[in-house]
Amino acid sequence: MSTDTPRDQPRKLFLLSAGYNGTSGKAYLKLLDPRRQEIVIWNDPTGHQPFCYSRESVEKLKQDERLTQAGAIGFLRESKFDLMEDKPIEVTKIVASDPLAVGGRAGSIRELVEAWEADIPYHLNYIYDRGLVCGMPYRVQRNDLIPLVADRKRIDSIVEELFAKEPDEERREIRNWMLLLEADQPEIKHVSLDIEVVSPVSTRVPSPGRAEDPVVSVALRGSDGLKKVLMLKRDLGGELLSGLPFTVQLYENEKDLLKETFNTIESYPIVATFNGDDFDLPYLRNRAERVGVERSAVPVLVGRQGASLKRGIHLDLYRLFFNKSMQIYAFNNAYRENTLEAVGQGILGRGKVEIEKPIAQLNLRELACYNFGDAELVHSLLSYHNDLVLRLLVVLCRISKLTIEDVCRQGVSGWIKNLLFYEHRARGYLIPRSEDILKVKDVTSTKAIIEGKKYRGAIVVKPVPGMHFDVTVLDFASLYPSALKEWNLSYETVRCPHLDCRGNRVPETSHWICTKRKGLQSLLVGSLRNIRVAWYKPKSSDEHLPEETRTWYSVVQRALKVFLNASYGVFGARIFPLYCPPVAESTAAIGRHAFSRAIEKARELGVKVIYGDTDSIFLETDKNLVRMLIDWAARNLRLDLEIDKVYRYVVFSTRKKNYLGVTTSNVVDVKGLTGKKRHVPIFIKKAFDDMVEKLRNVRTPEDLAEARREIEDVLRDWYHKLNHREFSLEDVSFHVMMSRAPERYVKTTPQHVKAARKLRDQGLSVSAGDIISFVKTRGREGVQPLQLARKEDVDVDKYMEYLESTFDQVLDTLGINFKSIKGISSLEDFF
DNA sequence: ACCTCTGGCTGGATAT
DNA sequence: ATATCCAGCCAG
């Protein structure tokens, strides 16, 4: 570990990460010097081990011999505020002054205390206790870090202008958030890395643990323009390695290749990979050890959580893009699978370099191109749209108070947990243990529709089947966050201890809400919502601003959206440390209440309600009545009802969550229909898309007859192709994800698992998370994995059935009869 | 091993 | 033959 001191450092440094040194137990910070683009490691003089709080007395703690014998433990009495009891409390902090005295490694105090099972609410990490926030700029002053928040005068005037009507407490909160979010952003140099390993045994999957096969190629792509592939010299025939868009360096031995790789990545503050946590970095590390690179020259650290770097920051984009919240809210569902290929195609519109042979059979030139292609793709994912992903990470750090690496690794519940814990610490609140909350609040009073769920969720209105022209869709703007905000929901305010609050009931439930104290979660969600709606959302589409500034606002806007959308669900999740079922239940109940009142009102106004789901209402109407409804909601529900879109027409069957609509801007929305699902064969998707294309052009009821004829033609065409086997096996393959390992399906054996087992019998490895491609075949099992299928075996009748049911979801409401088309088509074939 | 939630649809497997 | 369960994918 470096012993850099901050004495001679430049004025501004960005905090990127923090942790404990595994052997010394000393706290350290990783800061970026933006001018030199180097990481400065600061061994924090004030840093100490994690410590714990207890409601128990100091005396009891001191009497425990296991603690005192471990030595060097201090006890500190401190005043905290217990939110659940709504009163101050004296707690005891256990502090390790010297971690080596209690076992010699970081975290041992925590383990000790947990083993002892004391009445301990929570351990702390020093970085949060000090209030440091990763992603923020700092100034070093007299051996300490001073945050460089945004210009206070500017923020004050914004807050004054936009949030004048908010109560003081909310306004203070908003101001603090703005000071963080509007602070300077770092420019960070980065390098993307990808390695290739070739095994002499063709079926062997390279294991990073054993690292028995050589690293034959390492591709590096830097934000400073670096484009390089380091390759092991192998006798594969004379290939031309010039004329490539990157440079190639050949190495006689692997040791030198690895050393050069390490040298390069050490000169960048950020190293990005795709799945580097589980493959590239551990492989490099273990391989280096195997071929005799000295320890000190290997910058990679492999921990339980993933791989990191001694000096720099490692970003595994696989983990980040795998995160569901990121997928949906930050990247707008642009990709649906978690492979580099799928993410690249979805976000950038291009994928990996195509190869026809297995990697082991590529010549050097082909291998170099393939390898560099991956590094280039990772680089593009990190840097497209003016480093959008990197900026997003920085914003997520500022909101969650996690380090950049932890934002990548943890899910959204981890982000919210950390944010809430930080806010507790910052305010001197006691962090309750899960048992403490559940002792009083493990209560629900509604019955879920779906068997086995904990409480009742949203309402879905039965659609009016048929085709509807000129339909307006109204949407409650962030309904659940608004419910949390307006109804003061938080784990401490729902079913609070005060008798006088019991009358303040949540509709449809047995819960009451505190009337004396503002709930922490409500305050946070409310402020973040206000900031997003009043500042970042409008700024992100403000045409007067330069493109770059707009991008920044849109990044923050999206990051806020991720937090807001997840802030309801986590309270209903067992694993969440502040799990509180009545909070989740109340949120949903308030949502239902507002939703059904709006629908009642619409009907009262004489507006026809076609459909509705959770927070959206489909209305067949006139504009004036819509306006009236919106005004009514603002006045009576204190919620923003907005026009989301207007459909020229929508087609509904009797099914909920299933419809097709064409908006006034000619966009076709297909929701929930089989033809759009991921696992469906492309053959059926294409047929479906052809039909959708015909429907796009329908403008009036009169156009329908024409479209109907065209669709019948389309169907006949596809039917004919199927009947004459004019398709490839890929065309008719289903693609279904295995959520667990094949042997763990015990209750039933679904088709994709049958296919997976056949693959495994062939010696191929299949594991949880893999997407299995299979074809429906004739014969007893009815299924064959794509790799083993033969065209003659395809069960055409089954596909016909599937095609039929896919189309029927739309056709029966359009008055098209699939059966008759089938009849005509087979008649033609007959003659 | 992974994990924010509930509601709703589908086809195939399995029990009756 | 029919009902129910299981598993996957999707809407919000």
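Every chain is numbered from 1, with letters handed out A, B, ... down the list of sequences.
With sequence neighbours excluded, the residues that form a side chain to side chain contact (heavy atoms under 4.5 Å, CB included) with S490(A) are E492(A), T493(A), L520(A), Q521(A). Looking at residues two or more places apart in sequence or on another chain, you find no ring-ring contact (aromatic ring centres under 6.0 Å, His included) involving F688(A). Judged as a ring-ring contact (aromatic ring centres under 6.0 Å, His included), and not counting sequence neighbours, the contacts of Y335(A) are F321(A).
Among the atoms of the strands shown, only primed sugar atoms or phosphate atoms (P, OP1, OP2) are found under 4.0 Å from some heavy atom of K776(A).
Separating the CZ atom of R744(A) from the C1' atom of dA1(B) is a distance of 8 Å, rounded to the nearest angstrom.
Contact check, H752(A) against dG8(C): a side-chain N or O comes under 4.0 Å of OP1 or OP2. The shortest distance between the side-chain N/O atoms of T674(A) and the OP1/OP2 oxygens of dC9(B) is not below 4.0 Å.
A parallel orientation is assigned to the rings of Y647(A) and F618(A), their planes being inclined by less than 30° (bins at 30° and 60°). F421(A) and H424(A) have perpendicular rings, their planes meeting at more than 60° on a 0 to 90° scale where under 30° would count as parallel.
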Produce the list of close N/O pairs, under 3.5 Å, pairing protein atoms with atoms of nucleotides 1-6 of chain C; give distances to one decimal.
{"residue": "dC6(C)", "atom": "O3'", "partner": "T748(A)", "partner atom": "OG1", "Å": "3.4"}

Atom pairs under 3.5 Å, N or O on each side, protein against nucleotides 9-12 of chain C: can you list them with distances?
{"residue": "dC9(C)", "atom": "OP1", "partner": "R678(A)", "partner atom": "NH2", "Å": "2.4"}
{"residue": "dC9(C)", "atom": "OP1", "partner": "M737(A)", "partner atom": "N", "Å": "3.1"}
{"residue": "dC9(C)", "atom": "OP2", "partner": "R678(A)", "partner atom": "NH2", "Å": "3.2"}
{"residue": "dC10(C)", "atom": "OP1", "partner": "R336(A)", "partner atom": "NH1", "Å": "2.7"}
{"residue": "dC10(C)", "atom": "OP1", "partner": "R678(A)", "partner atom": "N", "Å": "2.7"}
{"residue": "dA11(C)", "atom": "OP1", "partner": "G672(A)", "partner atom": "N", "Å": "3.1"}
{"residue": "dA11(C)", "atom": "N3", "partner": "K657(A)", "partner atom": "NZ", "Å": "2.9"}
{"residue": "dG12(C)", "atom": "OP1", "partner": "Y659(A)", "partner atom": "OH", "Å": "3.1"}
{"residue": "dG12(C)", "atom": "O3'", "partner": "D613(A)", "partner atom": "O", "Å": "3.4"}
{"residue": "dG12(C)", "atom": "O3'", "partner": "D615(A)", "partner atom": "OD1", "Å": "2.4"}

Which atom pairs, one a donor and one an acceptor, fall under 3.5 Å between side chains of residues 580-590 of chain A and the rest of the protein, sequence neighbours left out?
{"residue": "E585(A)", "atom": "OE1", "partner": "S445(A)", "partner atom": "N", "Å": "3.1"}
{"residue": "E585(A)", "atom": "OE1", "partner": "H511(A)", "partner atom": "NE2", "Å": "2.6"}
{"residue": "E585(A)", "atom": "OE2", "partner": "S445(A)", "partner atom": "N", "Å": "2.9"}
{"residue": "E585(A)", "atom": "OE2", "partner": "T446(A)", "partner atom": "N", "Å": "2.7"}
{"residue": "E585(A)", "atom": "OE2", "partner": "T446(A)", "partner atom": "OG1", "Å": "2.5"}
{"residue": "S586(A)", "atom": "OG", "partner": "P582(A)", "partner atom": "O", "Å": "2.6"}
{"residue": "T587(A)", "atom": "OG1", "partner": "V583(A)", "partner atom": "O", "Å": "2.6"}

